[in-house]
Undergrad: 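One structure is given below, represented as structure tokens, and several questions about it will come after.
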Amino acid sequence: MIKVYFLPNEVAIPPTKTLLLLNTLPTKLLERYHKYYRWQDRQAYLLGKWLLSLLLQNFAVDATLHDLLVDNFQRPFINGAPDFNITHTNGLVACAMGTRPIRLGLDVEQHRTINLREFKRVFTNREFQEIGSASNTQLSFFSYWTKKEAIMKADGRGLFLDPAFDAEEAIVKIEQQTWYCQQLYLSIDFTGHIATNQKTEIQLFDATQWLYN
């Protein structure tokens, strides 16, 4: 099973709440927080880590943000914890965690105008043609894009993995690994996907009320 906690990130949260959340960050994460220039990016980073801490509690993991590490590809992990993934886009932050031994990748994107030709190299010829001929090019683009991103994040190599793999089906095989992809419906203005190394149930939770309680 996978749980996905998500939050809108459209307005600044109260300073008192921000301070409370900042006090939960270890020094290395606090330093990273202050490197972001825009408040939206700082807040997205902070909320992503807060959602991760909630999921660690929910899954009864004996670990905190102080145990957060990154591998050689800069993918975050915590020794002894289930796999997790954080994503943020303009207006939304989400974090997913699954029961062991699930490996997962999560990506969500806000709908926006795109120049399709600038992204041609990330799609197969057939995918590119399908997107270009779709009745809603924008939705088709982000459906493919978030699926590929989720798979690359689950794989762990990120952009070190060539994104021009065939992602037309819900089950995608890359090298010797099979990924099961499910689309997420978090809001009408966003498209998302989650990729896992085994079929599993996904539960979505809007964490807004927990933030302000």
Side-chain angles (χ1 to χ4, degrees), residues 1-9 44 47-48 51-52 54-56 58-59 61 73 75-77 81-112 114 119 122-124 126-128 130-131 134-159 161-208:
M1 181 188 65
I2 292 174
K3 293 185 178 181
V4 180
Y5 288 178
F6 64 96
L7 277 170
N9 186 38
L47 292 177
L51 291 177
L52 172 58
L54 289 183
L55 282 163
L56 288 171
N58 188 275
F59 278 82
V61 179
F73 292 101
R75 188 181 192 273
F77 72 98
D83 197 32
F84 62 87
N85 219 212
I86 298 172
T87 186
H88 46 79
T89 184
N90 289 334
L92 190 136
V93 183
C95 182
M97 180 176 285
T99 52
R100 299 182 185 89
I102 293 173
R103 175 85 169 189
L104 62 89
L106 170 69
D107 189 59
V108 177
E109 295 289 342
Q110 184 186 49
H111 301 160
R112 58 188 183 276
I114 50 96
F119 295 89
V122 307
F123 300 108
T124 65
R126 185 169 173 176
E127 289 170 347
F128 189 77
E130 181 179 328
I131 295 170
S135 58
N136 190 324
T137 300
Q138 186 185 74
L139 288 179
S140 181
F141 169 85
F142 283 112
S143 180
Y144 270 113
W145 178 259
T146 57
K147 183 191 291 187
K148 287 174 179 280
E149 280 277 358
I151 291 170
M152 291 189 291
K153 293 174 74 175
D155 174 271
R157 287 173 286 178
L159 292 175
L161 174 65
D162 184 356
F165 52 81
D166 184 352
E168 289 190 64
E169 304 299 329
I171 300 176
V172 177
K173 189 166 186 178
I174 300 176
E175 298 168 1
Q176 301 302 312
Q177 179 64 57
T178 299
W179 298 106
Y180 300 89
C181 304
Q182 297 185 56
Q183 189 162 347
L184 302 179
Y185 300 93
L186 305 181
S187 168
I188 192 172
D189 296 322
F190 300 88
T191 294
H193 268 89
I194 194 160
T196 58
N197 62 348
Q198 56 184 271
K199 293 181 179 180
T200 187
E201 176 189 357
I202 297 175
Q203 296 180 350
L204 303 176
F205 299 90
D206 185 338
T208 303

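Please read these numbers as outputs of a predicted model, since none were measured by experiment. Quick note: numbers below take in every heavy atom, side chains included, and nothing from hydrogens, waters or symmetry partners.
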Undergrad: To the nearest 0.5 Å, tell me how far Asp155 CG sits from Ile174 CD1.
TA: 6.0 Å
Undergrad: Within the structure provided, determine whether Ile202 and Thr196 are in side-chain contact (heavy-atom separation under 4.5 Å).
TA: no
Undergrad: Which pair of non-hydrogen atoms, one from Ala195 and one from Cys181, has the smallest distance, and what is that distance?
TA: CB-SG, 4.2 Å
Undergrad: Lys153: what forms a side-chain contact (heavy atoms from CB on, under 4.5 Å) with it, not counting sequence neighbours?
TA: Asn85, Thr87, Glu149
Undergrad: Thr137 versus Ile131: any side-chain heavy-atom pair under 4.5 Å?
TA: yes
Undergrad: Do Leu55 and Phe84 come within less than 4.5 Å of each other through their side chains, counting heavy atoms only?
TA: no
Undergrad: Mark yes or no for whether Ser187, through its side chain, and Phe190, through its backbone, hold a donor-acceptor pair below 3.5 Å.
TA: no
Undergrad: Could you tell me which residues satisfy salt bridge (charged side-chain N to carboxylate O under 4.0 Å, His left out) with Asp83, sequence neighbours excluded, listed by chain and number?
TA: Arg75
Undergrad: Find the distance between CD1 (Ile102) and OG1 (Thr200) and round it off to the nearest 0.5 Å.
TA: 3.5 Å
Undergrad: Judged by atom type as modelled, is there a donor-acceptor pair below 3.5 Å linking the side chain of Lys147 to the main-chain atoms of His193?
TA: no
Undergrad: Just do the side chain to side chain contact (heavy atoms under 4.5 Å, CB included) check on Ile114 and Trp145 with the steps written out, would you?
TA: CA-CA 12 Å; Ile114 50 96; Trp145 178 259; over 6 Å; no
Undergrad: How far does CG of Leu186 sit from CG of Leu7, to the nearest 0.5 angstrom?
TA: 11.0 Å
Undergrad: Using the side-chain contact (heavy atoms from CB on, under 4.5 Å) criterion, which residues pair with Asp206? Sequence neighbours excluded.
TA: Phe6, Pro8, Thr208
Undergrad: Are Met97 and Lys3 close enough, and set up right, to give a side chain to side chain contact (heavy atoms under 4.5 Å, CB included), and what steps lead you there?
TA: CA-CA 6 Å; Met97 180 176 285; Lys3 293 185 178 181; 5.9 Å; no
Undergrad: Please find the pair of heavy atoms, one from Gly98 and one from Leu104, that lie closest to each other, and give the distance.
TA: N-CD2, 3.5 Å
Undergrad: Could you go step by step and tell me if Val172 and Phe165 meet the side chain to side chain contact (heavy atoms under 4.5 Å, CB included) rule?
TA: CA-CA 9 Å; Val172 177; Phe165 52 81; 4.1 Å; yes
Undergrad: Looking at Asp107 and Ala150, what are the two nearest heavy atoms and their distance?
TA: CB-N, 3.9 Å
Undergrad: Of the non-hydrogen atoms in Glu109 and Phe142, which two are nearest, and what is the gap between them?
TA: CB-CD2, 3.7 Å
Undergrad: For residues Cys95 and Gly48, report the shortest heavy-atom separation together with the two atoms involved.
TA: CB-O, 4.4 Å
Undergrad: With rounding to the nearest 0.5 angstrom, report the CG to CG distance, Asp189 to Asn90.
TA: 11.5 Å
Undergrad: Roughly how far, to the nearest 0.5 Å, is CZ of Arg103 from CD of Gln198?
TA: 13.0 Å
Undergrad: Listing request: all side-chain hydrogen bond (donor to acceptor under 3.5 Å, both in side chains) pairs with a residue in residues 166-185, at least two apart in sequence or in separate chains.
TA: Arg126-Glu168, Arg157-Glu175
Undergrad: May I ask you to decide if Val93's main-chain N or O and Asn9's side chain share a donor-acceptor pair within less than 3.5 Å?
TA: no
Undergrad: Report the C-alpha distance between Ile86 and Leu51 in whole Å, list the side-chain angles of each, state the deciding distance to 0.1 Å, and finish with yes or no for side chain to side chain contact (heavy atoms under 4.5 Å, CB included).
TA: CA-CA 9 Å; Ile86 298 172; Leu51 291 177; over 6 Å; no
Undergrad: Judged by atom type as modelled, is there a donor-acceptor pair below 3.5 Å linking the side chain of Thr99 to the main-chain atoms of Met1?
TA: yes
Undergrad: With sequence neighbours excluded, what pairs up with Leu139 under the side-chain contact (heavy atoms from CB on, under 4.5 Å) test?
TA: His111, Asn136, Thr191
Undergrad: Holding to side-chain hydrogen bond (donor to acceptor under 3.5 Å, both in side chains), I want the full list of residues that pass it with Glu130, two or more places apart in sequence or in another chain.
TA: Tyr144
Undergrad: Return the minimal non-hydrogen interatomic distance between Ala94 and Val4, and the atom names on each side.
TA: CB-CG1, 4.4 Å
